[in-house]
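Scroll down for the structure; my scribbles are underneath it.
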Number of protein chains: 2
Amino acid sequence: MSLDHILLGMLSTPASGYDIRRGFSEGARHFWSAELSQIYPALKALEKRGWLTSRLEPPAKGPPRRVYRRTAQGRAELLRWLGEGPQMGTERFAYLGQLCFMHELDDLQATSDFMLELRSRLRAFLALLQQAESDIAGTDGAHVDTLNAEDFHVYLAIRMGVRSLRAKVDWCDEALEQIERQRRPRAVAAGNATQAPKELRHG
Amino acid sequence: MSLDHILLGMLSTPASGYDIRRGFSEGARHFWSAELSQIYPALKALEKRGWLTSRLEPPAKGPPRRVYRRTAQGRAELLRWLGEGPQMGTERFAYLGQLCFMHELDDLQATSDFMLELRSRLRAFLALLQQAESDIAGTDGAHVDTLNAEDFHVYLAIRMGVRSLRAKVDWCDEALEQIERQRRPRAVAAGNATQAPKELRHG
DNA sequence: ATGACCATGTAATCCGTTACATGATTCG
DNA sequence: CGAATCATGTAACGGATTACATGGTCAT
């Protein structure tokens with residue numbers, strides 16, 4: 001399971017389940033996420049395997065927290081996983097399915113609206129990531145060379161998010177243009193004055 | 001569930017579970033996938049709901065096939081789903097987690113090797129998608145304007161895959177450069193002759 | 001006849017989400 | 001006092017993968 005290893009990685013310093021969840025909603029949110037209801041049992045299982053230890057720590061203020069620490073075996077397992085090569089899961093994009101099937105509506109306006117909505121959501125997420133990027137390395141990666149090893153690796157990971165999201169936003173722009181061109185009579189260059197057939201049958 | 005709607009979408013023409021699986025390993029593979037063991041029960045459930053009907057069709061050759069057809073209600077449900085707006089699930093990238101945690105190896109050569117491997121896998125997938133793209137619309141989208149509504153929508157979906165994969169490959173290139181820069185003494189411009197400290201401690 | 005491929009399915013297991021249950025502390 | 005937040009968990013359900021079980025056809 002990947003979540004196990006993500007948890008091992010996030011536990012380079014001791015933390016509680018609640019802390020880790022905060023990590024998912026802040027730093028790690030662009031590449032992974034998990035709910036508390038998944039995190040707690042997972043941590044328990046990792047402890048049973050000997051990859052973590054835990055201790056109840058009643059802090060000066062607030063309810064007691066169960067703080068987990070990575071063991072030497074836990075770290076070894078993390079390193080083993082890192083050596084396994086890139087783990088690439090199957091990506092599923094329901095919205096691309098929707099787009100493919102949208103021809104059944106026979107209404108390019110609907111497709112266009114769909115792409116506009118998609119672009120706005122992608123842009124919102126891109127803005128978040130760009131913020132994270134400039135927080136860590138300044139505008140345009142001004143001080144990438146001054147980053148410590150940890151921040152440098154995180155920076156690289158954020159860059160993927162930024163680039164791939166920007167590509168998707170650009171794709172929306174391109175698609176919207178092509179939809180416009182598809183909607184107009186396609187005979188602009190050919191000078192042919194057909195009645196803008198909405199649909200061409202394929203052979 | 002999204003799979004249900006993907007199946008409804010793929011059943012614009014009658015097909016068996018086996019046919020649909022072929023669709024996932026060919027045309028639809030860039031945005032969705034499912035195993036036969038998931039497809040068969042899902043089709044059965046859709047039939048129970050009245051969104052599909054099925055018939056055993058013993059073909060001239062080979063074993064009998066159960067062929068599914070979409071009902072009017074099935075089509076209505078598909079259209080309803082299309083109207084719901086883009087369905088964006090949570091994306092999980094285990095390999096970005098690996099990259100983030102890789103600083104624990106304290107060996108930029110390992111990071112570099114990792115990125116090389118990742119790039120080669122991404123390139124392989126990109127090549128497949130570019131093939132699909134030119135199959136449908138010619139090189140550089142030469143005949144996009146001549147596509148029927150269905151192929152046009154599929155073309156748009158493929159374009160997203162191409163653009164986002166290209167962005168990821170470019171990201172690998174950029175990262176590899178930055179890793180090289182990180183490995184060299186960073187004092188090139190400053191003219192400072194320190195012993196190339198491998199790691200800078202953060203405050 | 002052996003293996004590759006067509007074709008359909010079930011069962012076990014795992015991963016992830018949603019809902020539920022509990023209780024302390026802090027702020028207004 | 002009441003709401004928000006901190007903090008830990010369990011239970012039920014749903015979605016996806018892997019393994020298992022079966023049998024027909026076709027080419028070598």
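By convention in this document, chain letters (A, B, ...) are assigned in the order of the sequence lines, proteins followed by strands, and residues within each chain are numbered from 1. Nothing here was measured: the structure is a model prediction, and the numbers come from that model.
Regarding A:Q87, its CD atom lies at a distance of 13 Å from the P atom of C:dC15, rounded to whole Å. Distance, B:Q38 CD to C:dC14 C1': 13 Å, rounded to whole Å. Between the CD1 atom of B:I39 and the C1' atom of C:dA7 there is a distance of 12 Å, rounded to whole Å. The NE2-P distance, from A:H5 to C:dC15, rounds to 11 Å in whole Å. Rounded to whole angstrom, the span from the CD atom of A:E35 across to the C1' atom of D:dT10 amounts to 15 Å. Between the CD atom of B:E47 and the P atom of C:dT8 there is a distance of 13 Å, given to the nearest Å.
One side chain, A:H5 or A:E77, offers a donor N or O that lies under 3.5 Å from an acceptor on the other. A donor and an acceptor atom, one from each side chain of A:R66 and A:S16, are nowhere located under 3.5 Å apart. A donor-acceptor contact under 3.5 angstrom links the side chains of B:Q109 and B:R183, judged on distance only.
At distances below 3.5 Å, not a single donor-acceptor pair connects side-chain atoms of A:Q182 with backbone N or O atoms of A:L108. The backbone N or O of A:T139 sits nowhere less than 3.5 Å from a side-chain atom of A:S134 that would complete a donor-acceptor pair. Listed for the B:R121 side chain is no donor-acceptor partner under 3.5 Å among the backbone atoms of B:L118.
Within the nucleic acid shown, A:R21 has no heavy atom closer than 4.0 Å to any nucleic acid atom.
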Tabulate atom names and distances for all N/O pairs under 3.5 angstrom spanning the protein and nucleotides 6-9 of chain D.
from	atom 1	to	atom 2	distance (Å)
D:dC6	OP2	A:Y18	OH	3.1
D:dA7	OP2	A:R22	NH2	3.2
D:dT8	OP1	A:R66	N	2.7
D:dT8	OP2	A:Y18	N	3.2
D:dT8	OP2	A:Y40	OH	2.9
D:dT8	O5'	A:Y40	OH	3.4

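Of all nucleotides listed (C:dG16, C:dT17, D:dT18), C:dG16 comes nearest to the side chain of A:L3.
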